[in-house]
Amino acid sequence: VEMGFLGLTFATSLIHQPRHRAILAIFAGPVILLVGAVIGGAVAQALTTNHAALVGCTAFGVAALMYMVCEELLVSAHESGEEHVWWIDLQVYVGFLFSILMEKLFDLFHE
């Protein structure tokens with residue numbers, strides 16, 4: 001649903017562009033998303049035989065997402081002129097680590 005509304009909003013923002021550029025821009029996003037999904041699926045399928053590589057790739061993706069949240073979204077959320085505070089990022093990372101450790105702890109008790 002979100003991608004649909006995002007596409008609709010993007011398409012309406014291109015109303016003042018030349019028709020051929022607008023059509024190319026409208027179709028480029030979904031095509032690139034589809035190609036990325038196919039490549040990602042192929043890589044994930046290839047990594048199923050190598051558990052360490054799959055865990056490493058997933059860990060990299062999680063770390064990249066956490067970095068984006070901490071460094072980009074939290075900074076833009078505080079655009080009131082205040083300086084970025086390092087301990088807020090630390091709280092996010094510690095909270096994420098805590099949730100992973102709690103899941104591991106609960107798994108130990110349920111075995």
Side-chain angles (χ1 to χ4, degrees):
V1 173
E2 180 181 347
M3 291 296 285
F5 282 114
L6 182 63
L8 181 63
T9 304
F10 179 67
T12 57
S13 71
L14 295 173
I15 199 158
H16 299 295
Q17 297 296 322
R19 191 171 208 63
H20 66 282
R21 281 189 182 172
I23 291 174
L24 179 66
I26 288 171
F27 285 108
V31 168
I32 291 171
L33 187 66
L34 183 63
V35 169
V38 169
I39 292 171
V43 169
Q45 183 65 31
L47 289 177
T48 56
T49 58
N50 188 349
H51 183 69
L54 181 63
V55 169
C57 191
T58 304
F60 174 78
V62 169
L65 182 63
M66 296 262 322
Y67 177 79
M68 183 187 73
V69 166
C70 289
E71 294 301 321
E72 299 294 329
L73 297 178
L74 287 177
V75 171
S76 64
H78 296 285
E79 290 183 346
S80 62
E82 296 178 15
E83 193 171 313
H84 183 66
V85 183
W86 64 269
W87 53 268
I88 294 176
D89 294 346
L90 181 66
Q91 288 176 352
V92 172
Y93 287 114
V94 168
F96 185 70
L97 179 63
F98 181 73
S99 68
I100 291 173
L101 293 176
M102 290 302 291
E103 179 183 355
K104 295 294 183 186
L105 184 67
F106 287 136
D107 286 344
L108 285 175
F109 287 127
H110 285 92
E111 288 182 353

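Basis for what follows: all heavy atoms, side chains included, without hydrogens, waters or symmetry-related copies.
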Listed by chain and number, what are the side chain to side chain contact (heavy atoms under 4.5 Å, CB included) partners of Val55, not counting sequence neighbours? His51
Just distance, no hydrogens or angles: give the donor-acceptor pairs under 3.5 Å from side chains in residues 5-23, sequence neighbours left out.
residue: Thr9; atom: OG1; partner: Phe5; partner atom: O; Å: 2.8
residue: Thr12; atom: OG1; partner: Leu8; partner atom: O; Å: 3.2
residue: Thr12; atom: OG1; partner: Thr9; partner atom: O; Å: 2.8
residue: Ser13; atom: OG; partner: Phe10; partner atom: O; Å: 2.6

Go through the structure and list residues passing side chain to side chain contact (heavy atoms under 4.5 Å, CB included) with Ile39, not counting sequence neighbours. Val35, Val43
Linking I/L/V/M/F/W/Y whenever their side-chain heavy atoms sit closer than 4.5 Å, directly or via other members, would Phe27 and Leu34 fall into one cluster? no
Hey, what else clusters with Leu65 if you join Ile, Leu, Val, Met, Phe, Trp, Tyr whenever side-chain heavy atoms sit under 4.5 Å? Met68
Only counting residues at least two apart or in another chain, list the ones meeting side chain to side chain contact (heavy atoms under 4.5 Å, CB included) with Ala53. Leu47, Asn50
List the residues meeting side chain to side chain contact (heavy atoms under 4.5 Å, CB included) with Met66, not counting sequence neighbours, and say none if there are none. Val62, Val92, Tyr93, Phe96
Should we count CE of Met102 as having more than 12 external heavy atoms under 6.0 Å? yes
